[in-house]
Amino acid sequence: MAKIIDGKAISAQIRAELKEETEAFVKATGVRPGLAVIIVGNDPASQVYVRNKRRACEEVGYYSEAYELPENTTQEELNALVDRLNADNKIHGILCQLPLPKHLDENEVILRIDPKKDVDAFHPYNVGKIMIGDYAFLPCTPAGVMALLERSGIEISGKECVVVGRSNIVGKPQAMLLLHANGTVTVCHSRTKNLAEVCRRADILVAAIGKADFFTGDMVKEGAVVIDVGMNRRADGKLTGDVDFASVEPKASYITPVPGGVGPMTITMLMQNTLTSAKNSVK
Ligand code: GUN
């Protein structure tokens, strides 16, 4: 029987700590952390994320602005908004919800956001900082995974860590954070040969490929820690991870559920980055 890592509870605990830290910071400096969230178009999943981000800001006591732009927004209009937010000293974090509609260039937006306000840590400057282990901002989802491991008392140093997935948002930065924590890290992807065999070596397995219930019990070592970053909709509308919980849970020592595992942590780490940015702004 695996211990279930309760991402909701850990997230609530960190948010309570952030709220306290924020109040102390506001008292000391008169500066309230501010986050601006931009969303373009009508993607329902994105709209849910944006709503949750606004709620999280309220919960920890931040100032927030949300820009819900129409689908036909031009690159020039989006750039102008980013420029304005870059110059606005009430705003310490700018997040442009991805994916953008196809006619807009995501890279152009990522490059345009001032790296000092890039609380997603997507700008190449911040990606480079992550690579050398001198963090300005932590990449939100991988940082959420690290916080779950730390707060569950799971040691990383010297462990075989297998990350499956190599996206810029999750897989690659996750590998870096585990490496900086002295894990022995393998990154697998769609061209990996003998994937099951590599996964079975893992003391810590991070599943981030976006395929519902892909990782089954036979792919997991007895006693492994299994972290499920997947968020997939089944045909019946139910949310499910990349891990087949029923067959993996009996073999794992720790496992994150979906929902209620990594998911709640991502926005909490975004809140942490926004406070870090506000603190940096008064240094
Ligand atoms: N879309 C899905 N996840 C994310 C995220 O963490 N940040 C942004 N900006 N867009 C996303």
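When a ligand or atom number is given, it counts from 1 through the structure's own listing order.
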Quiz item: Taking N or O atoms only and a 3.5 Å limit, does L98 qualify as a polar contact for ligand 1?
Solution: yes
Practice problem: Return a yes/no value for C96: is any of its N or O atoms, backbone included, closer than 3.5 angstrom to an N or O of ligand 1? | Solution: yes
Quiz item: Between the candidates M269, Q97, K53, M231, which shows the shortest non-hydrogen contact distance to atom 2 (C) of ligand 1?
Solution: Q97
Practice problem: Have a look at V109, I267, L270, D120 and point out the one with the heavy atom closest to atom 6 (O) of ligand 1. | Solution: D120
Quiz item: Hey, are the side chains of F214 and V164 touching, using non-hydrogen atoms and a 4.5 Å cut-off?
Solution: no
Quiz item: Side-chain contact, heavy-atom cut-off 4.5 Å: E65 with K90?
Solution: yes
Self-check item: Residue F122 vicinity, atoms of ligand 1 by number, heavy atom under 4.0 Å
Solution: 7 (N), 8 (C), 9 (N)
Self-check item: Expected output: side-chain D114 to main-chain V82 donor-acceptor under 3.5 Å
Solution: no
Practice problem: State whether the side chain of H92 and the backbone N or O of G34 hold a donor-acceptor pair below 3.5 Å, judged by distance alone. | Solution: yes
Exercise. Give me the one residue out of I227, N232, V229 that meets side chain to side chain contact (heavy atoms under 4.5 Å, CB included) with D242.
Key: N232
Exercise. Using a 4.0 Å heavy-atom threshold (strictly under), name the region of L95 that reaches ligand 1: side chain, backbone, both or neither.
Key: side chain
